Amino acid sequence: MSSEITPARRAGIEVAVVASALIAAFAVAGIVLAVIGADPIEAFGILVYGAFGYPEAIGYTLYYATSYMFAGLAVWVALKAGIFNIGGEGQAYLGGLGAALPCLFLDTLPPILLLPLAMISAAVFGAGWAAIPGYLQARRQTHVVVTTIMFNFIAGALMTYLLNNWLLAPGGGSPETRSFAPQAIMPALHEILALVGIKIAHSPANLSLLVALLAVACTWTFMFRTVWGYETRVVGANPNAARYAGIDPGAVILRTMLISGALVGLVAVNEVMGVHKRLILDFPAGAGFVGIAVALMARESAIGLVLASVLFAALAQGSLDLVIDMPMINREVVRLIQGVLILFCGALPSLFRKFITRLLTQSPAAAQAGAL
Amino acid sequence: METATQILLLVAAAIRLATPLLLAALAGLYAERSGVIDLSLEGKMLAGAFAGAAVASVTGSVWVGALGAILTGIVLSLLHGFATVTHRGNQVVAGMAINIAMAGLIPTVAQAIFALGGQTPQLGPAQRFLNVALGNNALTFFAFLAVPATGWLLYRTGWGLRLRAVGENPYAVDTAGLPVARLRYQALLVNGALAGLAGAYLSMAANAGFSRDMTAGKGYLAIAALIFGRWAPVPTMLACLLFAFADAAQAQLQTVRILPSQFVGALPYILTVLVLALVGKGGGMPKALGIPYVKERGA
């Protein structure tokens with residue numbers, strides 16, 4: 001066996017690391033389930049069936065995956081610049097305001113104008129909410145994790161205030177806007193496919209899924225094929241080297257935070273314009289935090305990011321069935337799996353990598369190189 | 001007279017609200033002075049709050065409950081240490097992983113044990129920290145006494161000197177023949193115990209039982225207080241009092257209704273961002289903070 005580490009073998013090692021982390025995360029969840037008296041095998045069976053077992057389930061899983069792709073991209077882009085944007089939740093929430101304003105007040109426009117306008121508006125509002133923590137990180141070196149968390153709380157307060165006082169539907173009792181006009185709604189996948197004669201099950205999966213896949217492709221092109229992307233990676237790898245190369249790390253950090261906020265702002269296109277069809281309280285529902293796990297599992301791979309999004313979408317959708325069939329289980333157990341995956345993929349990759357590299361190369365020297 | 005009473009009430013409320021922040025910020029202080037960023041205070045507090053109330057509820061004893069909270073905090077600290085000290089993982093990511101995992105694990109366990117929608121049963125008087133003197137409970141006295149105790153430990157003992165050194169320059173500590181990893185683990189043990197107690201204060205002193213999401217960002221506020229307090233005990237205590245005062249004033253303002261309640265409720269968070277913007281990176285940051293220590297290998 002050769003002890004050389006080729007790019008293909010390195011990619012193989014990365015896949016094996018993520019797969020080991022996945023197995024470990026499900027093992028931890030399985031132990032917790034067993035301890036609380038639920039049969040883990042049966043539970044995972046229900047989970048998989050609930051996520052993929054019937055046509056509607058697949059549609060719902062794709063709907064969740066759409067939001068998680070946007071959220072995962074946002075965290076991924078920021079991580080490439082060495083910043084940990086965990087404010088996706090608040091940025092997506094503000095993105096909802098950005099999406100809702102044109103949908104409510106410019107809905108005389110035809111969909112061909114209104115939908116792109118609302119999308120851009122969602123991205124701009126998401127970027128705007130990321131701008132202050134981004135600026136503070138870039139110019140004052142404040143801890144972006146703490147400021148973005150604070151901005152999540154502030155976003156929650158601001159949106160509750162706006163929904164209760166300014167955007168409330170006339171005569172409506174709950175804090176939400178009126179329903180959008182039909183031209184402000186992202187068409188559902190089953191509607192689009194029906195136009196060309198293909199019949200699929202009704203589900204909330206909508207055109208945003210294609211926008212999300214496009215966003216993944218654009219983000220990868222940006223990161224690995226453009227000068228801005230190169231600068232981002234240099235700053236993330238070594239800010240001092242970047243400075244010597246004439247790159248202003250502060251400017252790159254601010255720019256990357258804006259891109260990150262814009263991407264997660266698009267969660268609103270899926271949720272607000274595609275599914276709820278109005279602006280409601282707390283619509284991001286934790287998507288911003290799921291994005292952390294998605295981004296850390298994706299590593300360098302766009303396909304990995306899509307697959308990780310589908311995985312967490314399956315957990316989100318499958319757990320709905322799970323809590324009905326096994327009432328002793330709480331839906332929050334999904335967040336335990338997310339947390340363990342973040343730990344293994346983000347903080348402990350060396351644990352598996354050393355072992356797997358040694359297994360593949362059977363050479364301690366190569367194992368050490370693989371760990372770097 | 002009226003205003004004097006008002007101010008006194010406000011100060012008393014601020015001291016009560018400062019207690020969990022102070023315990024958590026001191027927990028963070030030990031970890032970060034040893035060079036380990038601790039963003040997992042939120043998760044440790046949540047777990048401590050649940051464990052304290054759950055154990056107290058089952059055993060009927062406030063002290064066994066507090067011990068449960070302390071041990072839970074320590075277990076999470078050891079996990080954090082395993083990832084960041086032993087395996088030199090990313091400290092920030094490891095901290096967030098613990099927070100998210102606890103946000104999932106705690107409601108699950110709470111539901112499985114008590115089936116009360118993620119809460120613990122109401123705690124009776126014997127299972128709670130009750131006021132012992134001057135309208136405050138034992139944990140509050142402990143928290144404020146821990147400030148001079150921490151100052152003495154850090155600046156007047158050999159252990160404190162070594163701890164500070166390992167956060168500033170672990171290479172020098174290693175060269176002097178002292179164990180870097182062991183010192184960091186020792187700091188993390190203190191950290192876990194204090195963070196667990198900070199959580200116990202929420203469920204066993206400020207409230208009579210655990211409820212969902214009861215930490216509400218206090219773990220992050222504690223980190224902000226630590227940065228504002230330049231990683232030193234007394235200034236950190238003052239920062240905690242400032243944040244707590246904003247929280248107490250916020251509660252008072254809610255009753256007057258001159259500003260929208262949501263805006264007033266967000267005041268502590270807005271204040272935190274303003275304070276961080278003001279101090280920036282802040283002086284006094286341990287120089288090796290966040291950098292895993294890799295012992296030089298002979299090439």
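In what follows, chains carry the letters A, B, and so on, assigned in the order in which the sequence lines appear, proteins first and then strands, with residues in each chain numbered from 1. Owing to the predicted nature of the structure, the values given are computational and were not obtained by experimental measurement.
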Under 3.5 Å, is there a donor-acceptor pair between the side chain of [X] and the main chain of [Y]?
| X | Y | value |
| --- | --- | --- |
| B/Arg33 | B/Trp231 | yes |
| A/Glu332 | B/Thr108 | no |
| B/Gln91 | B/Ile37 | yes |

Quick one: closest heavy-atom pair of B/Tyr220 and B/Asn99, and the distance?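 The pair with the smallest heavy-atom distance is OH-ND2, 2.9 Å.
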Considering all heavy atoms, the nearest A/Ala130-A/Gly261 contact: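 Smallest interatomic distance, heavy atoms only, reads CB-CA, 3.9 Å.
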Structural part of [X] lying under 4.5 Å from a heavy atom of chain B:
| X | result |
| --- | --- |
| A/Leu341 | neither |
| A/Leu296 | side chain |
| A/Val333 | both |
| A/Ile86 | side chain |
| A/Leu343 | both |
| A/Asn165 | side chain |
| A/Tyr161 | both |

Ring-plane angle category for A/Phe44 and A/Phe26, please: parallel below 30°, perpendicular beyond 60°, tilted otherwise.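 It falls in the perpendicular class, over 60°.
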Considering only heavy atoms, which portion of [X] lies under 4.5 Å from any heavy atom of chain A: side chain, backbone, both, or neither?
| X | answer |
| --- | --- |
| B/Leu39 | side chain |
| B/Ala83 | both |
| B/Leu278 | backbone |
| B/Ile223 | side chain |

If you count heavy-atom pairs within less than 4.5 Å of chain A, which of [options] leads?
| options | result |
| --- | --- |
| B/Ala115, B/Ala216, B/Gly95, B/Ala97 | B/Ala97 |
| B/Ala266, B/Pro107, B/Ala94 | B/Pro107 |
| B/Leu276, B/Val93, B/Val92 | B/Val93 |

If you apply the rule side-chain hydrogen bond (donor to acceptor under 3.5 Å, both in side chains), what do you find for B/Ser34 with B/Arg184, and how did you get there? CA-CA 6 Å; B/Ser34 84; B/Arg184 289 190 168 164; 4.7 Å; no
Any chance you could measure A/Leu254, atom CG, to A/Leu136, atom CG, to the nearest 0.5 Å? 10.0 Å
Supply the atom-to-atom distance A/Leu348 CG to A/Ile342 CD1, rounded to the nearest 0.5 angstrom. 12.5 Å
For B/Asn191 and B/Ser77, test the side chains for any donor-to-acceptor distance below 3.5 angstrom and give the result as yes or no.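 Looking only at side-chain atoms, B/Ser77 and B/Asn191 do form a donor-acceptor pair, the distance falling under 3.5 Å.
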Among the options A/Thr160, A/Val35, A/Thr147, pick out the one with the most heavy-atom pairs lying under 4.5 Å from chain B. A/Thr160
